[in-house]
Amino acid sequence: MIVSLGSMGATAALAQSGDATGASSLGELTVTGGKVKGVPTDIDGVTLFKGLPYAGPASGDARFAAPTPVVPWQGVKTADVWPDRSMQWSSVNPTGEFWGDEFYYDQAFLPPISENASALNIFTPAHSRDEKLPVYVWIHGGANAHGYGSEIEFWASKLAEKGIIVVTAQYRLGVFGELALRELTAENARGYSGNQRDQDLIAALEWVRDNIQQFGGDPQMVTIGGQSAGSRNVYSLLRAVPAKGLFKRAVMQSTFRIGPADEAPAADAETKNAAEIEKIFGKPMSLAELRAIPAQRFFEPVSASDDRLLYYALRSAINGDTIDDKMITQQSVDLMREGALDGIDILTGANADERTSLQGGPDKTMPLEEYAAWMEERYGPQWATAYAAGDPRNAYRLQLRAGADEVMAESMVSARYAKAHNKNNVWVYYFDNGPPGRDSEFYGSFHSADLWYFFNSLRTEEGQRPWSEKDFRMADTMSSYLANFVKTGNPNGEGLPEWEQPEGESNMMRFADGYAYPVTSTPYPSRDELNRDLVLERYGLEAGQLD
């Protein structure tokens with residue numbers, strides 16, 4: 001049984017844009033499950049197929065299980081309805097708060113919630129099935145607890161217009177995507193323990209391999225990409241044995257960690273999860289009992305004495321991939337081994353102000369004594385010159401910036417190590433182009449701000465920010481680099497500043513003020529050095545191992 005936990009509102013211009021004159025010449029296509037036809041977008045020649053299932057519903061006996069086969073349909077399905085969102089709390093990002101106003105304000109892009117969400121959306125510029133266009137499979141973020149493939153910032157018609165097919169994938173979230181139990185392992189035909197999220201994404205990539213030619217795509221030329229938790233899921237796929245051969249390139253935005261893994265051995269996870277579930281429910285729970293819980297129950301309090309939503313209580317107790325020696329092995333989990341990423345081109349980077357939207361507020365301050373103690377513990381005495389504050393307001397903001405600088409340093413260290421120890425291409429960016437409006441002076445280039453630009457999804461639509469010429473220019477530039485990378489493994493192209501790989505030094509592309517600048521550091525090289533040393537120590541590396 002599929003239980004809907006949300007409802008659609010009015011349809012916005014983007015969601016229904018296009019007309020018959022812009023219809024694709026692809027016509028009716030035959031894919032796994034049946035026949036489909038797409039709908040036009042706001043860009044002539046780019047066709048959208050919404051909600052194509054790559055697996056069956058994940059409810060009832062399929063809850064927590066391996067992806068099930070697609071349920072066939074009769075006739076020709078007009079793919080004009082966004083797929084349901086995977087199970088998540090519907091009120092996590094309400095309008096009136098930062099994230100709700102940024103990405104979730106338009107009801108036309110906010111589908112219902114159910115356990116029937118294993119689906120893809122496809123933007124294709126192809127006019128025939130034999131064009132063999134490169135394919136970009138996008139994995140959304142959201143802390144692996146929320147998010148979905150049809151978010152408004154993923155409106156990819158302009159990105160697809162640059163000659164690539166863009167596929168946005170959905171997957172199971174929270175406990176539905178991570179539960180490892182002995183009963184689950186015993187029933188899994190391949191012996192996987194947990195890792196349902198990875199199983200879903202691999203099933204989606206297998207669907208792309210088997211079907212994308214129908215949309216004019218080349219199944220041998222697939223790039224995977226993600227941001228935030230989506231980026232973490234990309235490097236999970238880099239570690240997953242059955243994902244090998246399903247993609248050639250990887251984009252990781254706002255996080256790339258090549259260092260030691262934190263996945264738990266499967267047997268440990270199974271034991272821990274069973275014990276944590278017993279604590280939450282007050283008794284041992286069989287797999288059958290967990291599957292019998294009504295969908296709505298996950299978004300109600302645990303009990304009269306515990307007001308946590310059951311969904312979040314379970315997520316806090318059960319989190320992460322497992323090393324089951326089948327999907328993820330003791331060898332495959334180690335991306336620092338020589339040649340682990342041979343043949344996989346990488347594009348990665350981070351934003352200048354990753355922490356402002358995740359932890360911050362424009363009016364907050366931090367006592368100077370507290371700030372100094374925090375910095376001293378983090379960096380040692382060298383911090384005083386690099387991060388001199390002066391007043392509590394600036395101290396608070398610099399503490400947030402230090403967190404963002406560390407994310408950038410980890411991306412650069414990981415990229416340089418990947419380039420030095422593999423036969424591949426590696427490219428690094430630094431996004432320093434804060435969007436306008438909504439306290440932009442404080443939020444700056446906040447976490448997820450780069451999505452608007454890489455997807456070229458800026459529009460003069462009600463609810464979006466007051467974009468300027470600078471922003472549209474930046475979006476065209478960044479999406480061109482991305483499209484080039486998807487096509488060739490190299491972001492460079494005609495009319496674009498030359499982007500160099502981080503060989504011998506920290507070469508990167510800085511996106512700022514509407515332009516792309518080839519640089520070897522952020523505007524604060526002393527901060528770069530402090531955070532690089534922090535990451536090197538964490539990874540157990542010496543600087544010489546990056547070259």
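Computed from a prediction, not measured in an experiment: that's the story for all the values here.
- Side-chain contact of Thr32 with Asn211: a donor-acceptor pair under 3.5 Å is present, judged by distance alone.
- Taking 4.5 Å as the limit, every side-chain heavy atom of Glu410 sits out of range of all side-chain heavy atoms of Phe256.
- For the residue pair Asn351/Asp450, the side-chain donor-acceptor check at 3.5 Å is satisfied.
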- Start with the C-alpha distance between Phe299 and Tyr311, add both sets of side-chain angles, then the distance that settles ring pair (Phe, Tyr, Trp, His ring centres under 6.0 Å), and finish with yes or no. CA-CA 6 Å; Phe299 303 99; Tyr311 179 78; 5.2 Å; yes

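- We find that Glu187 and Arg291 are joined by a salt bridge, their nearest charged nitrogen and carboxylate oxygen being less than 4.0 Å apart.
- Other residues, nucleotides and ligands contribute only 12 or fewer heavy atoms inside 6.0 Å of the NZ atom of Lys35.
- In this model, no donor atom of one side chain and acceptor atom of the other lie less than 3.5 Å apart for Thr168 and His140.
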- Please report the C-alpha distance between Phe98 and Tyr443 in whole Å, then the side-chain angles of each, then the deciding distance to 0.1 Å, and finally whether the ring pair (Phe, Tyr, Trp, His ring centres under 6.0 Å) criterion is met. CA-CA 10 Å; Phe98 183 87; Tyr443 286 106; 4.4 Å; yes

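- No more than 12 heavy atoms of other residues, nucleotides or ligands sit less than 6.0 Å from atom CG of Asp61.
- A donor atom on one side chain and an acceptor atom on the other are not found under 3.5 Å apart for Thr30 and Gln214.
- Separation of the Tyr104 and Phe109 ring centroids does not fall under the 6.0 Å cut-off.
- In summary, the aromatic rings of Phe298 and Phe176 are positioned with their centroids under 6.0 Å apart.
- Partners of Arg197 by side-chain hydrogen bond (donor to acceptor under 3.5 Å, both in side chains), not counting sequence neighbours, listed by chain and number: Glu178, Asn233, Asp321.
- A donor atom on one side chain and an acceptor atom on the other are found under 3.5 Å apart for Ser157 and Arg459.
- Of the charged side-chain nitrogens involved, at least one lies within less than 4.0 Å of a carboxylate oxygen, so that Asp200 and Arg172 count as a salt-bridged pair.
- Looking only at side-chain heavy atoms (C-beta outward), Lys158 and Ile43 come within less than 4.5 Å of each other.
- Partner Trp155 forms a side-chain hydrogen bond (donor to acceptor under 3.5 Å, both in side chains) with one of Asn456, Asn121, Thr41, Asp42 and no other, that one being Asp42.
- A donor-acceptor pair shorter than 3.5 Å cannot be found between the side chains of Gln170 and Ser118.
- One finds no salt bridge joining Lys283 and Glu278 here, because no Lys/Arg side-chain nitrogen approaches an Asp/Glu carboxylate oxygen to under 4.0 Å.
- The neighbour count for Lys37 NZ, taken as heavy atoms of other residues, nucleotides or ligands under 6.0 Å away, does not exceed 12.
- Here the side chains of Thr223 and Val251 are in contact, with some heavy-atom distance below 4.5 Å.
- A salt bridge is absent between Lys326 and Asp324; no separation between the charged side-chain nitrogens and carboxylate oxygens falls under 4.0 Å.
- Considering only heavy atoms from C-beta on, Leu179 comes within 4.5 Å of Leu290 through its side chain.
- The OG1 atom of Thr329 sits 11.5 Å away from atom CE of Met327, with the distance rounded to the nearest 0.5 Å.
- At most 12 heavy atoms of other shown residues, nucleotides or ligands fall within 6.0 angstrom of atom CZ in Arg190.
- Residues passing the salt bridge (charged side-chain N to carboxylate O under 4.0 Å, His left out) test with Glu28, sequence neighbours excluded: none.
- Side-chain contact, Glu102 with Trp452: a donor N or O sits under 3.5 Å from an acceptor N or O.
- Residues Tyr453 and Asn433 form a side-chain contact, since some pair of their non-hydrogen atoms from C-beta on lies under 4.5 Å apart.
- Remark: aromatic rings of Phe49 and Phe215 are close, center separation under 6.0 Å.
- The distance between the ring centers of Phe154 and Phe455 falls below 6.0 angstrom.
- Residues Arg465 and Asp471 are not paired through a salt bridge, judged by the lack of any N-O separation under 4.0 Å between the basic side chain and the carboxylate.
- When only modelled atom types and interatomic distance are considered, Glu354 and Ser254 share a side-chain donor-acceptor pair under 3.5 Å.
- Side-chain contact annotation: Ser114 with Asp84, donor-acceptor N/O pair under 3.5 Å present.
- Proximity of the aromatic rings of Tyr429 and Phe454 is defined here by a centroid distance below 6.0 angstrom, and this criterion is met.
- Taking the six-membered ring for Trp and thresholds of 30 and 60 degrees, Trp99 and Phe446 have ring planes more than 60 degrees apart, a perpendicular arrangement.
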